[in-house]
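First comes the structure, then the notes that go with it.
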Amino acid sequence: MRIGILGTGNMAEALGGPWSRAGHEILVGGRAPERARALAERIGARAGTLHEAARFGDAALLALPYDAVSGVLAEVGELRGRVLIDCTNAIGPGLVLTTGEGPGAARRIAAATGARVVKAFNHVTPAVWSRTPPVFADGPLTVPLCGDDEEALALVATLAKDMGCAPLVVGPLARADLLEAATAFLIGLWHSGHDPRLMLPPPAALGG
Ligand SMILES: NC(=O)c1ccc[n+]([C@@H]2O[C@H](COP(=O)([O-])OP(=O)(O)OC[C@H]3O[C@@H](n4cnc5c(N)ncnc54)[C@H](OP(=O)(O)O)[C@@H]3O)[C@@H](O)[C@H]2O)c1
């Protein structure tokens, strides 16, 4: 596939690197051309502008801070129907969602652009995505995906598989609100040194 990446930071590298190694053609776009060139060189990709990345190939990854997204999207122009992968976490001080009441980040991006948005890759850190592969004692890392468009979900599932993960479609884009909130909750536990897995009994123990 051909994937554009908006942003040249940690998530851009942690996802773009494995996708490039898996044989996908990547174009990295950043506001600073030298950072786009440096990242492209590190991961074996092409460098370009944010505008070029937004339009490149089959899908574009938004690897930007959530509070920068609306400004960047307004600048790159029409994206109706494009597959946009949203890995953002709209989390502010105190680990609260900066989207507040109403729709979460992914739904706001979809409403603003008319793009086919898939929420994915937001729930863990670049250190996990850049493992080769992200496989642990229980097997490949599960990647929850939320979206309303089957073709877009299948495309993102392929990207997750190609980096050694196990994609799991958990529901429509409306479910991304819960995934975004759950991620803020998990980050709070991880930051305070707790292991969220210890809260989860085996499913069979839950009873009827
Ligand atoms: N880091 C994590 O643990 C993690 C995990 C999952 C999801 N996420 C989410 O992934 C997204 C990217 O995170 P990251 O860790 O990759 O951040 P990062 O390393 O700080 O990179 C952010 C990128 O966004 C660019 N950017 C910032 N403001 C911009 C603006 N106004 N216009 C254009 N470009 C702008 C930066 O460009 P410059 O270099 O020019 O500043 C940089 O290329 C965020 O939404 C974050 O919440 C992060």
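Atoms within a ligand are numbered from 1 in the order they appear, just like the ligands themselves. The first residue of the sequence shown is numbered 1, and numbering continues consecutively from there. Quantities reported herein were computed from a predicted structural model and do not represent experimental measurements.
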Between [atom1] on residue [X] and [atom2] on residue [Y], distance to nearest 0.5 Å:
X	Y	atom1	atom2	value
Arg31	Leu64	CZ	CG	9.0 Å
Leu168	Cys146	CG	SG	9.5 Å
Tyr66	Glu180	OH	CD	8.0 Å
Arg197	Leu189	CZ	CG	12.5 Å
Ile43	Leu39	CD1	CG	4.5 Å

Provide the number and element of each atom of ligand 1 under 4.0 Å from a heavy atom of Tyr66.
45 (O)
Which ligand 1 atoms, with their elements, are less than 4.0 angstrom from a heavy-atom of Ala68?
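Those atoms are 28 (N), 29 (C), 30 (C), 31 (N).
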Between Glu151 and Arg116, does any NZ, NE, NH1 or NH2 come within less than 4.0 Å of an OD or OE carboxylate oxygen?
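Between Glu151 and Arg116 there is a salt bridge, with a charged N closer than 4.0 Å to a carboxylate O.
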Regarding Lys119 and Asp86, does a basic nitrogen lie under 4.0 Å from an acidic carboxylate oxygen?
yes
Among all protein heavy atoms in this structure, tell me which lies nearest to [atom], with the distance rounded to 0.1 Å.
atom	value
atom 47 (O) of ligand 1	Asn89 N, 3.1 Å
atom 21 (O) of ligand 1	Gly9 CA, 3.4 Å
atom 23 (C) of ligand 1	Ala63 O, 3.7 Å
atom 3 (O) of ligand 1	Pro126 CD, 3.2 Å
atom 17 (O) of ligand 1	Asn10 N, 4.5 Å
atom 43 (O) of ligand 1	Thr8 N, 2.8 Å
atom 32 (N) of ligand 1	Val72 CG2, 3.5 Å

Looking only at non-hydrogen atoms, which of [options] approaches [atom] most closely?
atom	options	result
atom 27 (C) of ligand 1	Gly7, Pro65, Pro33	Pro65
atom 29 (C) of ligand 1	Met11, Arg31, Arg35	Arg31
atom 25 (C) of ligand 1	Val124, Leu64, Asp86	Leu64

Does any N or O atom in Thr125 lie less than 3.5 angstrom from one in ligand 1, N or O only?
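No, no N or O pair falls under 3.5 Å.
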Which residues pass the salt bridge (charged side-chain N to carboxylate O under 4.0 Å, His left out) test with Arg131, sequence neighbours left out?
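Once residues adjacent in sequence are excluded, Arg131 has no partner under the salt bridge (charged side-chain N to carboxylate O under 4.0 Å, His left out) criterion.
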Qualifying residues under side chain to side chain contact (heavy atoms under 4.5 Å, CB included), relative to Ala54, sequence neighbours excluded
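Expected list: Leu6, Val76, Leu79.
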Under 4.0 Å, counting heavy atoms only: does Cys87 come that close to any atom of ligand 1?
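Within the 4.0 Å threshold, so yes.
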